[in-house]
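Beneath this line is the structure, given in structure tokens, with notes to follow.
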Amino acid sequence: MTKKAEWQLRLYIAGQTPKSIKALANIKKYAEEHLAGKYSIEIIDLLVSPQLAEGDQILAVPTLVRKFPEPIRKIIGDLSNEERVLVGLNIKPLN
């Protein structure tokens, strides 16, 4: 039985825009630095599967959704502010 990732992240994008590419690069970097071996990132391209936006109530892209651990949290944008992302995902406490 494979161990389920402790942190399940979902990144919603709309095609390979510079903002989407930057958001993916940023979250991969932060996850490797702070959650190494304990996370999974699912990428959902809304140009390919627009119906998937409804489930997580996605209003803008790119949007990062933390599915697990609960509660669900969302961060919109290219995720370039590392402090905001880590605090927003509750990986790091607010100083």
Side-chain angles (χ1 to χ4, degrees):
M1 186 171 108
T2 51
K3 186 171 170 260
K4 211 165 183 182
E6 293 174 42
W7 291 78
Q8 293 172 17
L9 307 173
R10 189 176 282 169
L11 181 64
Y12 287 89
I13 59 171
Q16 294 295 307
T17 65
K19 213 171 180 181
S20 295
I21 292 165
K22 186 171 185 183
L24 180 57
N26 285 333
I27 193 54
K28 279 184 173 174
K29 180 175 151 249
Y30 306 152
E32 272 308 306
E33 285 175 15
H34 301 277
L35 304 171
K38 298 188 293 192
Y39 73 93
S40 65
I41 301 173
E42 180 182 5
I43 292 122
I44 296 179
D45 188 336
L46 295 178
L47 294 181
V48 177
S49 307
Q51 72 281 6
L52 295 178
E54 201 175 305
D56 280 322
Q57 299 171 331
I58 302 305
L59 305 173
V61 286
T63 295
L64 180 69
V65 177
R66 183 186 81 184
K67 298 294 284 178
F68 189 84
E70 304 245 323
I72 290 172
R73 291 177 175 246
K74 295 179 194 170
I75 301 172
I76 296 171
D78 67 8
L79 312 176
S80 57
N81 182 334
E82 182 174 2
E83 182 80 10
R84 195 176 141 243
V85 173
L86 295 178
V87 169
L89 292 176
N90 210 16
I91 293 170
K92 180 178 172 190
L94 189 55
N95 291 343

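Only a predicted model underlies this, so the values are computations on that prediction, with no experimental measurement involved. If you read the sequence from its start, that first residue is 1, and numbering goes on from there.
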Please tell me if the side chains of E82 and N26 come closer than 4.5 Å, counting only heavy atoms from C-beta onward.
-> no
Which heavy atom of I75 sits nearest a heavy atom of R84, and at what distance?
-> CG2-NH2, 3.9 Å
Q51, CD atom: more than 12 neighbouring heavy atoms under 6.0 Å | yes
Nearest 0.5 Å please: distance from the CD1 atom of I58 over to the CG atom of L64.
-> 9.5 Å
Verify same cluster id: V85, I41 (apolar side-chain graph, 4.5 Å) = yes
Salt bridge (Lys or Arg N to Asp or Glu O under 4.0 Å): pairs with one or both residues in residues 12-28, sequence neighbours excluded | K22-D78
To the nearest 0.5 Å, how far apart are CD in E33 and CG in L86?
-> 8.0 Å
Would a 4.5 Å heavy-atom cut-off, applied to side chains only, mark W7 and P69 as touching?
-> yes
Quick one: closest heavy-atom pair of T63 and K74, and the distance?
-> CG2-CB, 4.3 Å
Honestly curious: do I13 and V65 fall in one hydrophobic cluster under the side-chain, below-4.5 Å linking rule?
-> no
Joint cluster assignment, I72 & L52, ILVMFWY side-chain distance < 4.5 Å = yes
Is I43 reachable from Y30 through a run of hydrophobic residues whose side-chain heavy atoms are each under 4.5 Å from the next?
-> yes
Separation between CD (Q8) and NZ (K67), nearest 0.5 Å, reads 9.0 Å
Taken to the nearest 0.5 Å, the spacing of Y12 OH from E42 CD works out to 7.0 Å
Residue pair A60 / I76: nearest heavy atoms and the distance that separates them | CB-CG2, 3.9 Å
d(I27 CD1, E32 CD) to nearest 0.5 Å is 11.0 Å
CG/L9 to CD1/I91 distance, rounded to the nearest 0.5 angstrom?
-> 7.0 Å
Could you state whether V61 and L79 fall into the same hydrophobic cluster, counting links through intermediate Ile, Leu, Val, Met, Phe, Trp or Tyr residues with side-chain heavy atoms under 4.5 angstrom apart?
-> no
All heavy atoms of L11 vs all of P62, minimum pair found to be CD1-CB, 4.3 Å
Verify, without hydrogens or angle tests, whether R66 (side chain) and L89 (backbone) share a donor-acceptor contact under 3.5 angstrom.
-> yes
